[in-house]
Amino acid sequence: MDTIRRVDYYYTTAPDKPGEGARVLGVFRDAGVNLLAFHAFPSARRTQLDFVPQDGAAFVAAAKAARIKLSKPKAVFHFEGDDRVGAMAGILGKLAAAGINATASEAVCTTSGRFAGLLWVEPRDVKKAAEALGAY
């Protein structure tokens with residue numbers, strides 16, 4: 001059975017150069033902040049770093065102490081389950097049946113037979129998506 005939950009994510013930007021991701025991630029490691037997910041990609045000659053913290057308050061406090069400017073919290077769906085053929089098709093199919101567009105998604109599987117990922121929808125669709133996905 002898949003577990004799908006609505007969680008908060010935050011983002012910041014950093015210079016697009018070697019070592020910046022390690023530097024920023026090191027701040028949270030040193031503060032003992034665990035991340036459920038991390039995603040980075042180029043954006044306007046910089047790099048956008050997306051964080052899904054396990055403990056939002058601890059994450060924000062660590063960022064503030066390190067003077068890392070964060071976005072306000074935004075909604076994303078974090079999912080995980082036993083890997084199988086078509087796992088993502090099933091999740092995206094639930095959204096499609098509810099008439100909701102996924103604006104972005106990513107998923108990975110492990111060699112131990114599990115999969116997990118993130119799924120973004122428009123802010124106006126978060127509540128409806130949570131219902132369609134059975135998210136908590």
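Please read these numbers as outputs of a predicted model, since none were measured by experiment.
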* Side-chain contact, heavy-atom cut-off 4.5 Å: Tyr10 with Thr12? -> no
* Asked: Can you find a pair of side-chain heavy atoms, one from Tyr9 and one from Pro73, that are under 4.5 Å apart?
  -> no
* **Leu36-Ile4 co-clustered via ILVMFWY side chain contacts under 4.5 Å** => no
* To do: Would you check if Val126 and Phe77 make a side-chain contact, meaning some heavy-atom pair closer than 4.5 Å?
  => yes
* To do: May I ask you to list the residues sharing a hydrophobic cluster with Tyr136, side-chain cutoff 4.5 Å, ordered by chain and number?
  => none
* Side-chain touch Asp125/Asn101, heavy atoms, less than 4.5 angstrom -> no
* Can Asp8 and Arg6 be said to form a salt bridge (Lys or Arg N to Asp or Glu O under 4.0 Å), step by step? -> CA-CA 7 Å; Asp8 288 335; Arg6 183 210 168 278; 3.2 Å; yes
* hydrophobic_cluster_shared for Phe59 and Val7, side chain cutoff 4.5 Å -> no
* Dump the intermediate steps for ring-ring contact (aromatic ring centres under 6.0 Å, His included) on Phe51 and Tyr11, then the final yes or no. => CA-CA 6 Å; Phe51 304 91; Tyr11 72 85; 9.6 Å; no
* To do: Would you check if Leu92 and Leu119 make a side-chain contact, meaning some heavy-atom pair closer than 4.5 Å?
  => yes
* Asked: So which heavy atom on Ala66 is nearest to which on Val27, and how close?
  -> CB-CG1, 3.6 Å
* Asked: Is the shortest heavy-atom distance from the side chain of Asp55 to the side chain of Val33 under 4.5 Å?
  -> no
* Does Val60 belong to the same Ile/Leu/Val/Met/Phe/Trp/Tyr cluster as Phe28, with side-chain heavy atoms less than 4.5 Å apart forming each link? -> yes
* **Full working for side-chain contact (heavy atoms from CB on, under 4.5 Å) between Phe41 and Leu49** => CA-CA 7 Å; Phe41 57 93; Leu49 309 168; over 6 Å; no
* **Side-chain touch Phe38/Leu25, heavy atoms, less than 4.5 angstrom** => yes
* Asked: Is the closest basic N to carboxylate O distance between Arg23 and Glu20 below 4.0 Å?
  -> yes
* To do: Quick one: pull up OG in Ser71 and CD in Gln48 and give me the separation to the nearest 0.5 Å.
  => 8.0 Å
* Rounded to the nearest 0.5 Å, what separation is found between the CG atom of Asp16 and the CZ atom of Arg46? -> 9.5 Å
* Heavy-atom side-chain proximity of Gln54 to Leu35 below 4.5 angstrom -> no
* **Straight-line distance of Glu106 CD to Leu118 CG, nearest 0.5 Å** => 5.0 Å
* Asked: According to a 4.5 Å side-chain heavy-atom criterion applied to Ile, Leu, Val, Met, Phe, Trp and Tyr, with indirect links allowed, do Val76 and Val121 form part of one hydrophobic cluster?
  -> no
* To do: State whether Asp2 and Lys94 are salt-bridged, where the test is any N-O pair (Lys NZ or Arg NE/NH1/NH2 against Asp/Glu carboxylate O) under 4.0 Å.
  => no
* Measure the acute angle between the ring planes of Phe115 and Phe79, then classify it against the limits of 30° and 60° as parallel, tilted or perpendicular. => tilted
* Asked: Quick check: does any side chain N or O of Arg84 sit under 3.5 Å from a backbone N or O of Asp82, one acting as donor and the other as acceptor?
  -> yes
* Looking only at atom types and distance, does a side-chain atom of Thr110 sit under 3.5 Å from a main-chain N or O of Arg114, one as donor and one as acceptor? -> yes
* For residues Gly56 and Pro53, report the shortest heavy-atom separation together with the two atoms involved. => CA-CG, 4.0 Å
* Asked: Roughly how far, to the nearest 0.5 Å, is OG1 of Thr111 from CG of Asp83?
  -> 10.5 Å
